[in-house]
Amino acid sequence: MTPRFAGSTALVTGAASGIGAAAAERLAREGARVVALDRDGAALERRYAGVPDIVRVEQDLGGPMPDEFLDSLDSVHRLGDLRILVNAAGVLHRSPAIDHDLGTWEHTLAVNVTAPYRLSQLFVRRRLRLGGPGVIVNVCSIESFTAAPDHVAYTVSKSAMLMLTRAFALELAPHGIRVNGIAPGVTETEMNRSLREDAAAARRLTGRIPMGRFGVPGEQAAAIAFLASPEASYITGAVLPVDGGWLTA
Ligand SMILES: NC(=O)c1ccc[n+]([C@@H]2O[C@H](COP(=O)([O-])OP(=O)(O)OC[C@H]3O[C@@H](n4cnc5c(N)ncnc54)[C@H](O)[C@@H]3O)[C@@H](O)[C@H]2O)c1
């Protein structure tokens with residue numbers, strides 16, 4: 001059987017670690033040429049040095065992104081028929097809402113909302129110029145739907161990403177570009193390592209999850225790959241919970 005993503009290029013952000021890395025590896029395994037972007041160049045190097053179908057781009061998404069960003073990437077890394085964009089990079093700063101400092105708030109919104117917005121915009125412009133279908137998968141969160149304590153900027157950013165997904169999906173459906181998201185529940189990555197290593201906190205959290213365990217990055221990557229694939233050809237504007245049942249309660 002021909003691999004699902006043979007002939008496509010995929011740009012995956014946050015690809016040095018966790019969910020983004022699992023998505024990059026899954027898409028590459030299924031035939032895509034992957035451009036793996038992350039601010040952590042050393043981690044990209046450790047993970048992908050010598051992997052032929054994954055090229056590495058060290059880039060901090062916390063700053064402004066010029067209109068020429070994808071063209072400049074293209075000149076070095078040959079984006080080719082860039083058909084898939086996975087917005088997985090994200091940051092989470094924990095602090096009570098009344099103490100959350102403005103810089104942290106702004107950084108969270110810059111990385112978690114403005115960067116996916118700008119990248120999606122540039123991806124779509126390029127797609128419309130080249131013609132043919134495209135697909136965006138945004139890594140949202142259960143916190144796109146429900147708040148958690150000490151996460152005010154993160155929760156706000158992830159609910160914005162939910163509506164970013166729907167707004168882009170609505171406008172781009174007539175152009176054959178599908179835009180969806182996943183809403184991961186608590187998944188074993190660096191983002192929550194300290195919490196998971198605190199036995200009492202881990203017990204409290206798993207006790208809140210109907211399936212009684214954390215997710216793993218591969219389970220998120222499977223959902224990303226499904227939404228990016230032709231098997232999801234009639235799905236757009238959806239944000240799929242991958243959360244062990246968290247949002248059912
Ligand atoms: N782990 C979870 O439980 C969970 C739950 C819901 C949603 N998410 C979301 O999943 C996505 C991936 O997170 P993860 O859990 O894999 O965490 P992670 O910390 O393992 O990975 C995040 C990656 O994003 C990169 N990144 C952060 N800021 C960046 C920037 N300014 N520019 C470029 N790259 C940057 C990091 O270097 C890292 O490689 C995030 O959007 C996160 O909000 C995670």
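When a residue number appears, it is its place in the shown sequence, counting from 1. Counting convention: from 1, in listed order, for ligands and their atoms alike.
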> Does anything in residues 70-110 pair up under ring-ring contact (aromatic ring centres under 6.0 Å, His included), and if so which pairs, sequence neighbours excluded?
Replying inline: His93-His107

> For Leu79, does its backbone N or O pair with a side-chain atom of Thr9 as donor and acceptor, under 3.5 Å?
Replying inline: yes

>> Nearest 0.5 Å, please: how far is CZ in Arg46 from OG in Ser17?
In response: 9.5 Å

> Which parts of the protein, at residue level, reach under 4.0 Å of ligand 1 through a heavy atom?
Replying inline: Gly14, Ala16, Ser17, Gly18, Ile19, Asp38, Arg39, Gln59, Asp60, Leu61, Gly62, Ala88, Ala89, Gly90, Val91, Val111, Val139, Cys140, Ser141, Tyr154, Lys158, Pro184, Gly185, Val186, Thr187, Thr189, Glu190, Met191, Asn192

Sequence neighbours excluded and cut-off under 3.5 Å, please list the side-chain donor-acceptor pairs for residues 145-152, or say none.
unit_1	atom_1	unit_2	atom_2	d
His151	ND1	Glu143	OE1	3.1
His151	ND1	Glu143	OE2	2.8

> Taking only residues two or more places apart in sequence, or in another chain, which ones meet Gln121 in a side-chain hydrogen bond (donor to acceptor under 3.5 Å, both in side chains)?
Replying inline: Tyr117, Arg118

>> Taking side chain to side chain contact (heavy atoms under 4.5 Å, CB included) as the criterion, tell me which of Val57, Val86, Leu119 meets it with Thr13.
In response: Leu119

